[in-house]
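We use all heavy atoms of the structure for the numbers below, so side chains are in, but hydrogens, waters and symmetry mates are not. The sequence lines fix the lettering, A, B, ..., with proteins before strands; numbering per chain opens at 1.
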Amino acid sequence: MDYECVIGLEVHAQLLTDSKLFCSCATTFQAAPNDQTCPVCLGLPGVLPVLNRQAVELTMRTGLAMQGTVAAANRFARKNYFYPDLPKGYQISQFEEPLIEGGCLDLEVDGVSRQVRLNRIHLEEDAGKSIHGENLADPDKSYVDLNRTGVPLMEIVSAPDLRSPEEARAYLQKLKMVLEYLDVCDGNMEEGSLRCDANVSLRPVGAETLGTRTEIKNLNSFRNVQQAIAYEMERQRDVLENGGSVVQETRLFDAARAVTLPMRSKEEAHDYRYFPEPDLVPLQIEPEWIDQVRQSIPELPDARRQRFVSEYDLPAYDADVLVASRAMADYFEATVELFPQPKIVSNWVMGDLLRELNQAHHSPHEAPVTPTHLAELLRLIDDGTISGKIAKTMFEDMYRTGRRPEDIVAEQGLVQMSDSDALREVIEQVLARHPEQVAGYRGGKEKLLGFFVGQTMKATQGKANPAMVNTLLKQLLP
Amino acid sequence: MTDGRIISEQQVAQVARLARLALDADEQRRLTDQLNAILTYMEQLNEVPTKDVEPTAHVFDLVNVYRADETRRTLTSGAALSNAPETEQHFFVVPRIVE
């Protein structure tokens with residue numbers, strides 16, 4: 001039988017606030033373990049949580065940007081379970097009344113456009129971090145750091161609209177990009193700012209009802225999401241084809257072996273006994289606030305990609321690469337502002353800049369070569385002061401040292417040779433040194449022109465104006 | 001509710017397990033009786049006409065209490081850990097929780 005795979009993703013995104021969701025502790029952890037804690041997030045008796053307004057605003061921005069509805073009235077709920085990194089014995093979350101209802105995300109997989117619906121986005125607090133046994137010290141102990149406890153998360157729940165591991169990956173990549181554009185989450189999966197659980201089930205092609213699903217927890221890279229779902233599809237297919245039935249359960253992905261395994265039942269006692277959080281008052285979001293947040297939504301990747309093509313006349317490929325990160329697109333636009341030849345800027349940003357950024361593990365705003373510096377360099381090429389070849393070497397130098405191109409040109413005497421008498425002299429010397437090639441060229445091997453250009457560039461340390469060299473060579477090689 | 005009461009002994013055992021309470025057989029039986037007495041008493045609330053009353057999750061007539069997103073240092077890790085029975089390198093120490 002042919003089966004169709006049905007996938008829904010639950011993504012936890014850490015919100016970019018300065019302080020925690022219900023207390024004033026900082027959310028940046030350079031400090032020692034448990035150094036950014038207070039009686040509220042430690043769950044000491046007698047304290048009360050107070051909601052961080054910015055966390056609500058960032059979640060609203062996300063929901064509105066993805067066409068969701070801000071629920072006029074919503075509230076928090078307690079999700080009860082015991083774990084050492086959850087000091088209160090419950091997590092403050094939202095259950096029946098999430099902040100955002102509905103919404104959607106458009107994506108493109110293999111050239112085909114798809115719209116994935118969202119069920120909801122709700123706000124909740126993160127738990128702490130545990131390190132187990134010999135990873136820190138004693139194999140018989142676990143070690144708990146509560147710095148992360150109470151950090152604001154939004155959980156973005158998709159409808160079961162995804163149909164393949166590739167689509168799931170594309171959804172997550174697109175979501176990450178949108179969150180970065182919205183400036184609500186840094187999207188760092190390695191550090192856990194973006195975490196993903198996948199609900200996976202199979203059903204016979206054409207069937208309306210959903211099959212029994214399994215939930216795969218804590219997928220922390222795009223690759224893991226794709227691999228885990230691909231494995232789980234195959235596993236469920238085997239079960240069904242051998243006449244068995246899929247057991248509804250929570251599974252963990254073992255990245256080293258690329259398999260999913262059932263969680264031990266001890267970890268899986270799902271009986272959260274949600275009830276309304278009595279320590280927090282309900283929210284009634286004013287329409288004025290919603291309007292104000294709607295106004296603050298920046299241009300999103302799809303719109304920006306279209307504008308890059310229409311406004312700057314860039315190929316679709318360039319636009320795709322540039323808008324993949326907001327910082328990269330900003331860098332491009334800042335440079336074009338100063339040097340209005342978009343395709344040339346695009347070539348340098350996608351080529352030389354991207355290469356250096358990747359090597360140095362920098363994000364664009366950390367690049368020692370600023371848009372101002374790059375624009376100056378491009379102007380020097382454009383007005384003939386330096387050759388394109390010299391510019392390539394200079395870019396590396398600028399990236400290494402952070403210096404301005406004018407300073408490097410002045411110091412190293414890299415100004416392009418455009419003095420035709422001086423160049424003529426150099427070329428005459430080159431020709432005199434290579435009588436055989438000259439004879440060859442005159443005998444019809446016109447490809448040798450490139451050889452003479454190369455030799456001339458070498459003799460001038462790359463400073464010769466290439467257009468002028470070509471013209472002169474043709475004059476001197478009758 | 002196999003025994004016809006509001007809460008069965010099995011349900012009491014389940015709630016105790018979720019709350020990490022170790023009950024012996026006597027306690028379980030006694031608490032089941034007591035909880036049934038309490039729940040039966042509370043059943044009287046069902047006689048109150050509530051058709052036109054909005055559900056209430058909070059006793060105050062108050063909505064939208066926020067704080068600004070500002071950080072403030074409250075405790076050092078030393079103070080945070082001061083009541084912990086066991087600590088190591090600024091961590092709380094607990095019995096190992098995964099195998």
Visitor: Counting only non-hydrogen atoms closer than 4.5 Å, does A:E57 touch chain B with its backbone (N, CA, C, O), its side chain (CB onward), both, or neither?
Guide: neither
Visitor: Only pairs of heavy atoms separated by less than 4.5 Å count here; which of A:R75, A:K141, A:R273 has the most with chain B?
Guide: A:K141
Visitor: Side chains of A:M154 and A:V184: does their closest heavy-atom pair fall under 4.5 Å?
Guide: yes
Visitor: For residues A:E124 and A:Q91, determine if any side-chain heavy atom of one lies less than 4.5 Å from a side-chain heavy atom of the other.
Guide: yes
Visitor: Please determine, by modelled atom types, if B:T32 and B:R5 share a side-chain donor-acceptor pair under 3.5 angstrom.
Guide: no
Visitor: Is A:F22 close to chain B through its backbone or its side chain, or both, or neither, when contacts mean heavy atoms under 4.5 Å?
Guide: backbone
Visitor: Identify which of A:N80, A:D145, A:V56 forms the greatest number of heavy-atom pairs closer than 4.5 Å to chain B.
Guide: A:D145
Visitor: Below 4.5 Å from any heavy atom of chain A, which atoms of B:L81 appear? Answer side chain, backbone, both or neither.
Guide: side chain
Visitor: Go through the atoms of A:L21 and report whether side chain, backbone, both or neither lie under 4.5 Å from a heavy atom of chain B.
Guide: backbone
Visitor: Measure the shortest side-chain to side-chain distance between A:D186 and A:E180 over non-hydrogen atoms and say whether it is less than 4.5 angstrom.
Guide: no
Visitor: Using heavy-atom distances under 4.5 Å, tell me whether A:V40 contacts chain B through its side chain, its backbone, both, or neither.
Guide: neither
Visitor: Apply ring pair (Phe, Tyr, Trp, His ring centres under 6.0 Å) to A:Y274 and list each qualifying residue two or more places apart in sequence or on a separate chain.
Guide: A:F95
Visitor: With a cut-off of under 6.0 Å to the ring centre and 45° to the axis, is A:R294 in cation-pi contact with A:W289?
Guide: no
Visitor: Only pairs of heavy atoms separated by less than 4.5 Å count here; which of A:D279, A:D138, A:L42, A:L44 has the most with chain B?
Guide: A:L42
Visitor: Please determine, by modelled atom types, if A:R78 and A:Y90 share a side-chain donor-acceptor pair under 3.5 angstrom.
Guide: yes
Visitor: Tabulate, in ascending numerical order, the residues of residues 38-52 of chain B having at least one heavy atom closer than 4.5 Å to a heavy atom of chain A, or enter 'none'.
Guide: none
Visitor: For A:D140, is it the side chain, the backbone, both or neither that has a heavy atom under 4.5 Å from a heavy atom of chain B?
Guide: backbone
Visitor: Salt bridge check, A:D35 against B:R73: does any charged N sit closer than 4.0 Å to a carboxylate O?
Guide: yes
Visitor: Strictly by modelled atom types, are B:R72 and A:S24 linked by a side-chain donor-acceptor pair under 3.5 Å?
Guide: no
Visitor: Return yes if a side-chain donor-acceptor contact under 3.5 Å exists between A:H12 and A:Q14, otherwise no.
Guide: no
Visitor: Decide whether B:D69 and A:S19 meet the rule of one side-chain donor and one side-chain acceptor closer than 3.5 Å.
Guide: yes
Visitor: If I measure from the heavy atoms of chain A, does B:Q14 come under 4.5 Å with its side chain, its backbone, both, or neither?
Guide: side chain
